[in-house]
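Everything numeric in this text was worked out from a predicted model, so none of it was measured. In what follows, chains carry the letters A, B, and so on, assigned in the order in which the sequence lines appear, proteins first and then strands, with residues in each chain numbered from 1. Scope of the values below: all heavy atoms of this structure, side chains included, with no hydrogens, waters or symmetry mates.
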Amino acid sequence: MTALLFDVLLALMLTVLAWRVVTTRELLQSVVLFIAYGLLMAIAWTRLDAPDIALAEAAIGAGLMGVLLLDTAGELRRRHGWRSEGGDDDTA
Amino acid sequence: MNHLLTLAILLPAIGSLAVFSRFIGARASGVVCAVAAAPALLLGLFASTMEHDVAWMLLGATFGVDPVSRIFLIFTGALWMACGLYSASTMRSDPRRSAYFFFFLLSMTGNFGLLLARDVGAFYCFFALMTFAAYGLVVHERGAGPRRAGRVYIVMSILGELLLLAGLIFAVAAGAGIDMADFASGVAAAPNQELITALLFFGLGVKAGAIPVHVWLPLAHPVAPTPASAVLSGAMIKAGLFGWIVMLPLGWSPAPAIAPLVVTLGLLGAFGAAIYGALQRDPKTILAYSSVSQMSVMVVAIGAGLMAPDRWPLILGALAIYACSHGFAKGALFLGVAVAKQAAGRDMLRRMTMMGLALAALTIAGAPPLGGAIAKKSLKAAAAGPESPSGDALALLIPLTAIMTTVVLGKFILVMAGAMRTNEGKSAVRLSPWMAAPWLTLTLGAAAAAWLIAPPTEPMTDAPQPTIPSLSAGDALAALWPIALGVLVLAITMRLARSLPKAPAAPAGDLLSLYTLASRATVAAGRRTRLPGPARWKLDFVPLVLDSIEQSRRGETLTNIERAMKTWPVAGAVFVMIVITLAAMIIL
Amino acid sequence: MIEPMAWCILAPFIGASLAFLLPGRVWRRPIAIGAIGATLASVWMLTSQVWNSGAQRMDLSGWPAPLGIGLAADGFSVFMIVMTGVVGSLIGAYALWHYSDLSDATEPAERRLFWPLWLILWGSLNAIYLSSDIFNIYVALEVITLAAVALITLSGKAEALVAAMRYLLAAFLGSLSYLMGVALLYATHGALDLVIIADQERAGLPEVGAFALMATGLALKTALFPMHFWLPPAHSKAAAPVSAILSALVVKASFYVLLRLWFGVFDGPAMYAVGILLGTLGSAAIIWGAFQALRQMSLKLLIAHSTVAQIGYLFLIFPLTARRPSGELAAAGWITEACTGVSYHALSHALAKAAMFLGAGVVLHVYGSDLLTNMRGMSRRLPITTFALAIAGVSLMGLPPSGGFAAKWLIVTAALGAGQWWWVLVILIGGLLTAGYIFLMLRWAFISEDAPIQLRPANMPIQLAALALALLSVLVGFRLEEPFQLLVIGDPFPIFDLP
Amino acid sequence: MTRHDATLRRRRRRALLRVRIVVAGAGALALALLLVAAVLELPEGPLGLAEEAAAQLAHTGVDHAVTAVLLNYRSYDTWLEVGVLLLAVMAIFALRGGAHLENVRPAPRRDPLLTWLTRLLIPMLTLTAGYLLWLGKFAPGGAFQAGVVLGAAGAMLRLSGTPSLDRIGDVAIRILLAVGFLAFLVAAVATRLAGLDMLELPPGRAGDIILMVETLATISIATTCAVLVMAMPGAESPPAIAAKDVRKEART
């Protein structure tokens, strides 16, 4: 029962985090949420009995991607003051 | 002979590519045109009926020659050859000459291809090729006039292609097959025979200059370079007629609903176009209207064939001769316009030119003993018969059109004579034998064609067979009085016109102004309409609709939709919707 | 040991590794020529092997399927591999001169990285055509996507980067959708091999979901209307040889996979409504793409939109091979025509489109811009290129005699045989519109330009590469016998076995 | 623009937004329902090939099923995936304007605490990576995980301003990057030449070969990760494509 509750909660949090990552207007915040999403995802993989993938997800999805995205976001902000302000759906 | 068939299509195609890639210079282009047109002409003159599956295509494309297409090949081939040779001299100094010859040879490929095609698909392909390549000829002389003519031409042509296509599709769907030999009978057997006939008639009618879809013709023929006008008006216009002959259910079953309409349109065109043409001042416009008028006579013949299938073999024979005679004469007249320009200033040449022009004009008017008289007599004889109201109409019509033809071509001769006086010494290019010879050949061909060419017969049937009629003294008299009357009418009107104040010329393109007016009025009415939107939610969508209407008027809708599809929310939604639709379609 | 199937993948990969490790000017040409030669030799051996002794299959890693991955070659795979080989090596020939003699115009990265990227891409294309494993196909699709994205960014322009990013994201969406389908299929069948799945019972919701996801994902990667939004910028902003590779070859790979799944995995012919829907989207692509092409003022964008339109024809195979709800085949007796026609369209389009993009590359190099209005006087200055563009246009329009004509004719025949005459209408209208934009393009080439303008010279080899492709696109229309025979080897369109 | 136009425009945008939300929402919901229904209908029982893979494990040279799948049963897939990593690096090089790191200037030395911490962590990370690599034979672990950890060490060296990959020559970097891909390539060619199926590992020596290939793959993966961090647009060297142009292009 507790396991089921935990799984449902995990799934819900993943969904909410994913939604927030996409809709957040602040770039840096979005990156942080993405890292959190990656870590939760690693937990989800563990729950699915896939420790290999959990390891890879934590290392690559949260760790490496997090560093790359953080650095990029920070750099963009420092150099151009470029914040995601909506309306540029059309780039990416 | 099979090789000749292949060459007739391949040579112009190869020639166009050779000219296009500038492997060949301007002067040689004339030779290329002549050589490229030769196989078709030879086929027309000497080939017996044949069919040839083009094996290397492995797709069942069939080409061939039959008695009707032979006659078309003769005058079409001769015209293309003569005009090609003529162009080589006149276009020599044109900066865009390679484009001209490219489109010229490409149109030639299409024209020969459609005459030789024995299946509907190939006919359509070559017909489209000719149509679109001819656009290059229409707009060749840049400037406002050609641009407008080109626009009208392309709009009307696309309309025509679509109507034709729709007709073909309906016919094939109704089981007519794609083989030309069984196509017409298949159309006749189709349940929606009348609809197919109407679609094919108007689709091909755009090219043939049938009223009321002829409007591009008086605009386009005068603005094209003169040799190109000659093939447009002499050869390519007949491609529409050829299409009617091979595709309409003529001789198979009557089309009681559509035939009267065809006859009426033909009658309207035969007279209306001649009168309107006589009001024009530009010689080439006058000739274009004369073409519309003459084609309308042939439309009446088609209508007569649609009414009385049993008389069709006779009508067909006469029609082919008539078309041949007119093709030669119209080509000669158009080339004559250019020849006259270059002959101006030299008395001897001028007189000869005027004589040549008069000869060609008289051929069309049907003065004996010229070939035109034969063509008219046989057409009259073929159509008239027991219980054939349309045939009677045709029999009555022919002398009457002869009057009108005399008036309109007489006007042309007068205009030309005036022009030659004022144009003295203005032409940059001097008349050379290379230019005179093709023109003379066409003129003589026009005079003689109907005498020399045997009408197509079908020996296997017991239907009445067309023959070459002989001209008796009575016939000669019957053919001469309309001409005399025409000259009289012309003289009186010219006299009257001189005493009246000069009125502005009637605009070329007649009905076109009506169409434009109607479309403008529709758009204006649409813009004035306000859509009601009481509820707030609905109100939001009103500007959306209004905006899209406005955008489509400015031609921006496509751009905007494309731009919207590029945004991720729309792209994502589209993606998801397609997944869902696919799944739903399997489940349901 | 000679094993042509493996070498079709190994040869370009070896070339790619060498080209990556030795990017210097000295090594570039020998490595490129060697890789092209070795790959072509492998392709030739594979072709003769399949031609003489029928379809081939081999297991990788010593484990037969379902545990291991299998490679399989039947007539259809060989057809696609030969297409890739011929078009690819001619594009390669163009690139050799493009990146050496025209080096002043190219970025350093472009010169160093083109060959490793293109050779990996080539190897992975062959890998897709040979793969018999749906997950392996996913991996190979990913390799292709990444290589293509990197190739686009090579030109070093901001617009290319933006286009490449859009392409990357769209392609990822497609790949992930495909991957979800793979997961569902694996869960239902417990296997990944195409042959094993094909032999099992089908039906059920998981399979419906798998088909919807995989088909949509692959259609997105093939740029089927209305999911073509990424293609025109990506294909038009890249350098000329890259555009040619993308438009001629890359979009065909995902279509190939979709076709394999349609016949092999999902019993597609039973899904009449789906077939009609895919055909309708294809028709919409034909019309829409052509209309957009008519409106372009830049040569490369025009050609790219033309690709959107031409892709539409490929999707007509689905309605033509479907069975009516009543059970009988829509085009019984015409299946060979439909399948051969569509395969042939893929081939002739690849040749013609590559020729056009290479021609556009020459124009861009000589004139410094690819605006149609700037192409004035081209017919005199660049007769060979103008000729190549026109010839390729003839094939695109489907005028006889050309590969495009043969393909469209076969499709039209099949459509009429199937009683689905409305596709014929679409094909013919599409042909008219194609003629429209080809004429529009050539019109500018023929307007003479009197004012002397400063132009860069173009050398002969790059012009000849475009010409060779254009001529081939016409010449393939002359002989259909061998392709007909090749395409039925191994029964790649297994519709005949069905009742 | 008049006020009326502005109102119209606002309304139009609102209407479009409404359409989008309704369509996308309905679509996403339907897709989710479809997937849930599909998953519920999946056959019961043990999934797919797990049992068979376990049964053949003795012949693969390793004791962990995942590693067996990655490096023996489906080593061809893994090879292509290593190829994906190589392509990612090439894409980065393409953006930077060259397949070389010579214009990457050394990072400025940061504060001494970071340097100290780095010195402490690097050996530990390296050790962990080696352990993970070796662990793959029996338990969750292997080349990918080990490579990322080792790559993190490289990135850390770079960020702290300690001598790192940027001191290694151009050719050497390329070799390090490609060595994983090459390992598979050599294995593929060698097995063909030895008369075996492509990439077939003889059971007796499979374990050693796998460890060797994995080690080389680890090196490539680590280098790739480190290069990704080093060569990012955020690094000091100007990227080949000016960010200003990208912004302008993105707006159009």
Side-chain angles (χ1 to χ4, degrees), chain B residues 10 17 20-23 54 56-61 95-96 98-99 102 113 121-122 124-126 128-129 132-133 135-136 139 142 154 158 161-162 165-166 168-170 172-173 178 555 558-559 561-562 565-568 570-572 574-576 578-588, chain C residues 166 169-170 173 177 205 208-209 211-213 215-216 219-220 226-230 233 271 273-274 277 281 291-292 295 379-380 383-384 386-387 390-391 398-401 405-406 409-410 412-413 416 419 421-422 424-425 428-429 431-432 435-436 439 443 446-448 450 477-481:
Chain B
L10 273 189
L17 295 178
F20 178 85
S21 48
R22 290 177 195 267
F23 290 144
V54 185
W56 44 261
M57 282 191 199
L58 219 142
L59 304 168
R96 292 187 299 272
S98 63
F102 171 65
Y124 179 78
C125 284
F126 283 110
L129 175 65
F132 288 109
Y135 173 77
V139 298
R142 311 290 172 231
I154 209 76
I158 288 178
E161 296 283 332
L162 288 180
L165 195 59
L168 291 182
I169 300 282
F170 275 124
V172 171
I178 57 165
L558 285 180
T559 320
I561 295 178
E562 179 83 9
M565 280 196 287
K566 270 187 191 167
T567 60
W568 285 108
V570 175
V574 165
F575 184 85
V576 172
I578 290 179
V579 176
I580 295 300
T581 317
L582 281 179
M585 278 186 145
I586 309 172
I587 296 169
L588 298 179
Chain C
R166 192 197 302 269
L169 290 174
L173 179 59
S177 178
L205 211 47
V208 171
F211 175 77
L213 286 166
T216 317
L220 172 65
M227 298 181 290
H228 64 285
F229 60 96
W230 54 268
M271 302 184 281
V274 172
L277 175 71
L281 290 181
F291 259 116
Q292 290 294 337
R295 301 164 57 82
S379 61
R380 200 166 49 246
I384 295 179
T386 315
F387 189 63
I391 297 271
L399 290 183
F405 171 75
W409 186 263
L410 286 169
V412 163
T413 323
L416 290 177
W421 51 267
W422 50 90
V424 180
L425 197 69
L428 291 173
I429 295 176
L432 283 182
F439 273 117
R443 208 173 71 110
F446 277 101
I447 296 176
S448 59
D450 301 324
F478 279 80
R479 196 152 182 99
L480 289 170
E481 213 173 305

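Contacts of C:A170 with chain B are made by both backbone and side-chain atoms, with heavy-atom separations under 4.5 Å. For B:A583, the parts lying under 4.5 angstrom from a heavy atom of chain C are both the backbone and the side chain. In this structure, no portion of B:I580 lies under 4.5 Å from any heavy atom of chain C.
Residues B:F575 and B:W568 place their aromatic rings such that the two centres sit no closer than 6.0 Å.
Of the listed residues (B:V579, B:T581, B:L129), the greatest number of heavy-atom pairs within a distance under 4.5 Å of chain C belongs to B:V579. With respect to chain C, the highest number of heavy-atom pairs below 4.5 Å among B:V574, B:L162, B:V570 belongs to B:V574. Listed options C:L425, C:I429, C:L213 were ranked by heavy-atom pairs under 4.5 angstrom with chain B; first place goes to C:L425.
C:W230 places a side-chain N or O within 3.5 Å of a backbone atom of C:L220 that can act as its donor or acceptor partner. At least one donor-acceptor pair under 3.5 Å links the side chain of C:R166 to the backbone N or O of B:K566.
Using a 4.5 Å cut-off on side-chain heavy atoms (C-beta onward), C:T216 and C:M227 make contact.
Environment of CZ in C:F439: crowded, with over 12 heavy atoms of neighbouring residues, nucleotides or ligands closer than 6.0 Å.
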